[in-house]
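Please read the structure below before turning to the comments.
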Amino acid sequence: MNPEQLLPSKGNILVVDDHYANLSLLTQVLSEEGYEVRVAPNGKLALKSAKATPPDLILLDIMMPEMDGYQVCDRLKADKRTREIPVIFLSALGESLDKVKAFDVGGVDYITKPFDPVEVVARIKNHLRLREVELKLIDQNALLQKQIESRRQAEVEIRLLLATTQAISRCDDVHSALAAVLRLVCITIQWNYGDAWIPSNDGRVLECSQGWYASDPSFSDFRHQSLSLKFGPNVGLQGRIWTSKQPEWIEDISAEDEQSFLRSQIAIAAGLKAAFGVPILVNEQVLAILIFYKKTTAATSSRLIELVTAVATQLGALIQRKQMEDTLRIAEDRYHSIVENAVEGIYQATPSGRLLSANPALAKLYGYDSPAALMTSLQDISQQLYVDPNRRNEFVAAMETDNAVIGFESMIYRKDGQKIWISENARAVRDSQGKLLYYEGTVSDITARKLAQEALKYQKEQTERLLLNILPKPIADRLQEQPQIIADSFSEVSVLFADLVGFTDFSSQKSPTELVEILNLIFSKFDLLSQQHGLEKIKTIGDAYMVVGGLPTYREDHAEAIARMALDMQASLDSVNHKLGQSFCLRIGINIGPVVAGVIGLTKFIYDLWGDTVNVASRMESSGIPGKIQVTSAVYARLKHKFAFKKRGDIAIKGKGEMTTYFLVNSHESSG
């Protein structure tokens, strides 16, 4: 019997007996009870019928010619199509050994002839109920296993994404970052070989950059050949991905021709069977292509492609940043090389702030035609050069403390009034008695670097601000400090669901732009209320709004705050209706209880709640009355001394049965 098939209210029963009178009686009795009855006068026909269309239960006589009931049951249990069908023996044999043998061959019950029809029906009902419970448990267990496996895979994938980010951040250049990612991905997804291909400097072909493979000598030839190969657009697996900018999967390399997979022969020799590749894209530009290989054939896995694509997306942004940092570092290195060759600005200046000497590079840096013009015009460094007049005093103080400054950054005026950033490396020159004679040092223009740093700082602030718009600050801080799945249990919180009644019908009369503007107006007011009451907005779904009190930071008065929020939401919507000339109303539901809250998934993180408390709160809203705030007995018991309620009574709640609910009317403060 198929374990996934749920039994109907009345089952299909196969009656096997070689006496026509017994068949007739049982058929009549069971049919009157609503069962679908089939009959078989001997064992062979019974086996054929059961295999063709497995019944829900079999009534089986023992003493039959050619093949007795024990033999029939034994064959039923040996066939996977019929082994799970409950078998009840009906027999005139009443000895204990007969019954024991019946149970040994797989029977679930034994009824002695002559039988009482009422007893037979009762036992059939009992075993069908047991079978139904068994099937439900099988389904539930299968679902649970699926959920466990899905959670395990999600945890593995999140760990991979976090480990990838951390590994890349520790790498000094793009090539080491690619090598780190190849290793992490191969180990995580349990594939045997990975390599990365990047466009050449002229952008005409792909070249092999990095590779990783498990300890297997057979891969060394494959790796060695990779280093000497180049792929043009649409040539081989790499070239096709480069052109299409889409992932591609090969289930069995040996089934590919030489044109489709240029290295098929050496790949087969290395024991490689399956391959897939994903592009690393930034602004629709292919920065690199990651290719992975496995020693066994593998069917296309969309989940695996999505995971590695997510890693590639993450890697693309970080590669781009690394390239910017590399470019900036190279530029600074070159600049400092020029400084060492006396192309950089060099000066000597008195402690009072007057230049004693300057080279042409310094004059040019400050916007003057010659060192003489610079020294003639610049008589007081503190007043004429630094944008902040106090900066010169800070320079002098640093010199007095350390006798030198390194990387002393300041904003200065050039001759034309333009402001630039400079970095000074200088030392104090003293005579043999230790008396300060002058300062000497070099000056670098670091305006470009400062602008880049400000840009990176702004980008980081924007990223952090975006994260705080998605997640509560404590949760965002935890994800940044210790990246892992977050799932916290809270013994008691207050959950509110609200829905705009009639908004669906209203939406059919408005354009999408108008609908979004109205929803934004309403939900923005609700957002302000949630901030005002110290509550945590969880999400909006269409025209529904969800908010919670008491997490992620616990507060004693979470129930009171939620109640005030609900009342204020009604008042806020009234003001919107007055402004827009509409008649929207809210249906609100509130519940109190324990929840689990956290962040799960791979992308588009959201802080969410789970648990029966959330489900009941949602039911309070969906079973409520437009314009009313329906709450559970738990909410009423908590707030009845501070708020006015009206008992609604017992109502049927889906999945919970009858529940006593109340309507929150107002607070005692407002009514008093």
Side-chain angles (χ1 to χ4, degrees), residues 157 160-161 164-165 167-168 171 173-186 188-189 191 193-212 226-227 229-253 255-264 267 272 274-294 298-324 326-327 459 463 601-604:
E157 292 166 2
L160 172 60
L161 292 173
T164 300
T165 301
I168 295 172
C171 294
D173 53 49
V174 172
H175 296 287
S176 59
L178 287 170
V181 168
L182 289 171
R183 175 182 176 276
L184 283 171
V185 173
C186 282
T188 300
I189 69 175
W191 282 50
Y193 185 100
D195 52 23
W197 298 78
I198 60 176
S200 59
N201 292 332
D202 59 12
R204 299 176 64 182
V205 295
L206 291 171
E207 301 174 333
C208 190
S209 168
Q210 296 294 317
W212 184 91
S226 297
L227 295 173
L229 286 178
K230 300 182 188 299
F231 290 92
N234 280 320
V235 176
L237 176 62
Q238 290 85 339
R240 291 195 299 275
I241 296 174
W242 190 18
T243 303
S244 68
K245 301 178 182 178
Q246 296 294 324
E248 185 173 333
W249 189 289
I250 297 177
E251 296 184 359
D252 187 353
I253 294 173
E256 300 292 315
D257 57 38
E258 190 71 18
Q259 294 300 319
S260 299
F261 196 91
L262 298 184
R263 296 180 293 165
S264 59
L272 299 174
F276 78 94
V278 297
I280 298 176
L281 297 172
V282 173
N283 299 325
E284 289 303 307
Q285 178 185 358
V286 178
L287 298 184
I289 294 170
L290 304 180
I291 307 292
F292 298 94
Y293 302 87
K294 194 172 186 178
T300 303
S301 170
S302 58
R303 180 162 189 157
L304 192 56
I305 290 177
E306 289 173 1
L307 171 62
V308 179
T309 299
V311 172
T313 300
Q314 197 174 38
L315 180 58
L318 293 169
I319 286 178
Q320 188 181 46
R321 191 189 72 189
K322 286 286 184 184
Q323 288 176 335
M324 292 175 59
D326 290 345
T327 301
Q459 184 179 15
T463 301
L602 299 179
T603 59
K604 298 183 180 179

Task: Any residue meeting side-chain hydrogen bond (donor to acceptor under 3.5 Å, both in side chains) with Ser200, in chain and number order, not counting sequence neighbours - done: Asp202

Distance-only check: which donor-acceptor pairs under 3.5 Å involve side-chain atoms of residues 276-292, not counting sequence neighbours?
none

Open item on the list: Minimum heavy-atom separation for Leu182 and Ala196, please, with both atom names.
Closed with: CD1-N, 3.8 Å

- [ ] Can you sort out the partners of Glu256 under salt bridge (Lys or Arg N to Asp or Glu O under 4.0 Å), two or more places apart, ordered by chain and number?
- [x] none

Open item on the list: Tell me every residue that passes salt bridge (Lys or Arg N to Asp or Glu O under 4.0 Å) with Arg183, counting only those two or more places apart in sequence or in another chain.
Closed with: none

TODO: Check Cys208 against Trp197 and note the closest heavy-atom contact, atom names and distance.
DONE: N-CE3, 3.3 Å

- [ ] Report yes if the distance between the aromatic ring centroids of Phe231 and Trp242 is under 6.0 Å, otherwise no.
- [x] no

- [ ] Mind listing the closest non-hydrogen atom pair of Gly194 and Cys186 along with its distance?
- [x] N-SG, 3.7 Å

TODO: Give, for atom OG of Ser209 and atom CD1 of Ile198, the distance between the pair rounded to the nearest 0.5 Å.
DONE: 4.5 Å

TODO: Identify the two heavy atoms, one from Ala179 and one from Gln210, that lie closest to each other, and give their separation to 0.1 Å.
DONE: CB-OE1, 3.6 Å

Open item on the list: Would you say that more than 12 heavy atoms from the other residues, nucleotides or ligands in this model lie under 6.0 Å from the CG of Asn201, or not?
Closed with: no

Open item on the list: Would you compute the distance between atom CG of Leu237 and atom CG of Leu206 and round it to the nearest 0.5 angstrom?
Closed with: 10.5 Å

Task: Check: Trp191 and Leu304 side chains under 4.5 Å, non-hydrogen atoms - done: yes

Open item on the list: Less than 4.5 Å apart, side chain to side chain, heavy atoms only: is that true for Thr300 and Ile305?
Closed with: yes

Task: Nearest-0.5 Å distance, CD of residue Gln246 to CD1 of residue Ile241 - done: 10.0 Å

- [ ] Could you note down all residue pairs passing salt bridge (Lys or Arg N to Asp or Glu O under 4.0 Å) where residues 234-245 supplies at least one of them, sequence neighbours left out?
- [x] Arg240-Glu248

Task: Considering all heavy atoms, the nearest Tyr293-Ala275 contact - done: CD2-CB, 3.6 Å

- [ ] Check salt bridge (Lys or Arg N to Asp or Glu O under 4.0 Å) between Lys230 and all other residues, then give those that pass, not counting sequence neighbours.
- [x] Glu207

